[in-house]
Student: 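Structure in structure tokens, see below.
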Number of protein chains: 2
Amino acid sequence: MSLKYAVLAALLEGEASGYELSKVFDVSLANFWPATPQQLYRELERLAQDGLIEARVVQQERRPNKRLFTLTDAGRGELTAFAAEPTRRPTALRDELLIKIQAMDGTDPEVTRALVEERMSWARGKLARYERVRDRLLDGRTEEEYLREADRIGPYLTLMGGIAFESENVRWCERVLAILGRRVPLS
Amino acid sequence: MSLKYAVLAALLEGEASGYELSKVFDVSLANFWPATPQQLYRELERLAQDGLIEARVVQQERRPNKRLFTLTDAGRGELTAFAAEPTRRPTALRDELLIKIQAMDGTDPEVTRALVEERMSWARGKLARYERVRDRLLDGRTEEEYLREADRIGPYLTLMGGIAFESENVRWCERVLAILGRRVPLS
DNA sequence: CACACCTACTCAACAAATTGAGTATCCCAT
DNA sequence: ATGGGATACTCAATTTGTTGAGTAGGTGTG
């Protein structure tokens, strides 16, 4: 149900094709509403049928044609209505690694170390990507200036959330590695 | 696919009924693998059929009978094998509130404030519950002592993750509220 | 000049998650 | 004495999410 609004929110940034959205959902929105390309195409179809978005086909020369989608007034309306509704479920984190950590006693600690290290470097990479998005948003201004001047601060606040989340993730990994290291000194 | 292992991991704590598990999945495991009671009952059925857990029916006097499930050796084996496998997808955070924040420009800032405040007090509540679980685990010992003595540290490390996650959540809410407050001074 | 990867999707099948109702007993407070 | 909540589930329908294959031209790399 919420993917619908995630897509509408993504289209606030302007016209986009399904393919472009699938990229966006991989970098910025991926932080709080992951979706596969297939889900997006299906959702776009539905939204277009419901008149919340409009499609126009763009003929292209040396690549397949694409359909660009734009928010309609109706879509914009539904989105702002949604944004004012009370939130039903709060954060839901689904993390396979944490299941493995929960069940780690009884497995080789070195294997667990490796899993945590992999996660840590992944989180660092994501953090770096977020920081780049941040720099592009700020565009030389300080955060203060940006928040005063910008007409849309929503995307900045969610990005801030993503950055906070991933750096906490990295810190957690570091702590876990420290603890594992104390338990099983490197031989 | 992972719910299976989440359930097996939960049963490491000992025998439990579906009903009891649905409580556990609401407090501790909810942090990294949410599941509804219906999902759990179905999963338990499947796991019992596959011989990974065993059920025994306990007759009760003044309440409905219950089925208590225990890990079998096969179940324990599958779980430890899983715990050593590389993790496919990393963290996926799904947060409806962040969609609303992303789309907040164009809605009444006071409404957004209220949404964030609600989330903050919810996160504080969750944090308090985690802290209580932590105190019960530590049982008077310091973290150092616990980590040296305890034979299972997995649950402590995941709990640490939950605490880190929720306190970061609270901090994010505070920052957002501060920014909203500057933009829209309370009249 | 072969091979992999990028754009830009569609189709189909399946697995997992959500929602809502239904059953039946007991305890506690108003 | 009546209503609400807790225990302890089951059944069914629907919506979401995932996986894998297929199409088809274009670009870049060794």
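Naming: A, B, ... by sequence-line order, numbering from 1 per chain. Note: hydrogens, waters and symmetry copies are ignored here, and every other heavy atom, side chains too, is used.
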Student: Output the rounded distance in Å from CD (B:Gln59) to P (D:dA8).
Tutor: 13 Å
Student: Separation of B:Gln39 atom CD from D:dT10 atom C1', in whole Å?
Tutor: 16 Å
Student: Do A:Arg183 side-chain atoms and B:Leu147 backbone N/O form a donor-acceptor pair below 3.5 Å?
Tutor: yes
Student: A:Arg94 has an atom CZ; how far is it from atom C1' of C:dA15, in whole Å?
Tutor: 13 Å
Student: Identify, between B:Gln38 and A:Arg42, the residue whose nearest nucleotide on DNA chain D lies closer to the 5' end.
Tutor: B:Gln38
Student: Please state how far atom CZ in A:Phe25 lies from atom P in D:dG17, giving the value in whole angstrom units.
Tutor: 11 Å
Student: Rounding to an integer number of Å, can you tell me how far A:Glu20 CD sits from C:dC9 P?
Tutor: 8 Å
Student: Tell me whether the OP1 or OP2 atom of D:dT7 has a side-chain N or O from B:Gln60 closer than 4.0 Å.
Tutor: no
Student: By nearest atom, which of the nucleotides D:dC9, D:dT19, C:dT7 is closest to the A:Pro64 side chain?
Tutor: C:dT7
Student: Does a side-chain N or O from B:Lys23 land closer than 4.0 Å to OP1 or OP2 of D:dT7, or not?
Tutor: yes
Student: Taking 4.0 Å as the cut-off, does a side-chain nitrogen or oxygen of B:Ser17 come that near to OP1 or OP2 on D:dC9?
Tutor: yes
Student: Looking at C:dA16, I'd like to know if its phosphate oxygens (OP1 or OP2) sit under 4.0 Å from a side-chain N or O belonging to B:Arg46.
Tutor: yes
Student: Over how many whole Å does the gap from B:Tyr19 atom OH to C:dA24 atom P extend?
Tutor: 18 Å
Student: Once you measure the plane-to-plane angle for A:Tyr156 and A:Tyr146, does it fall in the parallel (<30°), tilted (30-60°) or perpendicular (>60°) bin?
Tutor: tilted
Student: Atom OH of B:Tyr41 and atom P of C:dA17: how far apart are they, to the nearest Å?
Tutor: 17 Å
Student: Is a donor on one side and an acceptor on the other found under 3.5 Å between the side chain of B:Ser17 and the backbone of B:Arg67?
Tutor: no
Student: D:dT7, D:dC9, C:dA17: which one has an atom nearest the side-chain heavy atoms of B:Trp33?
Tutor: C:dA17
Student: Got more than 12 heavy atoms from elsewhere within 6.0 Å of CD, B:Glu54?
Tutor: no
Student: Provide, to the nearest angstrom, the distance between the CE atom belonging to B:Met1 and the C1' atom belonging to D:dT19.
Tutor: 13 Å
Student: Between A:Arg63 and A:Pro37, who's closer to the 5' end of DNA chain C by nearest nucleotide?
Tutor: A:Arg63
Student: Using the ring-ring contact (aromatic ring centres under 6.0 Å, His included) definition, which of the options B:Phe82, B:Phe32, B:Trp33 pairs with B:Tyr5?
Tutor: B:Phe82
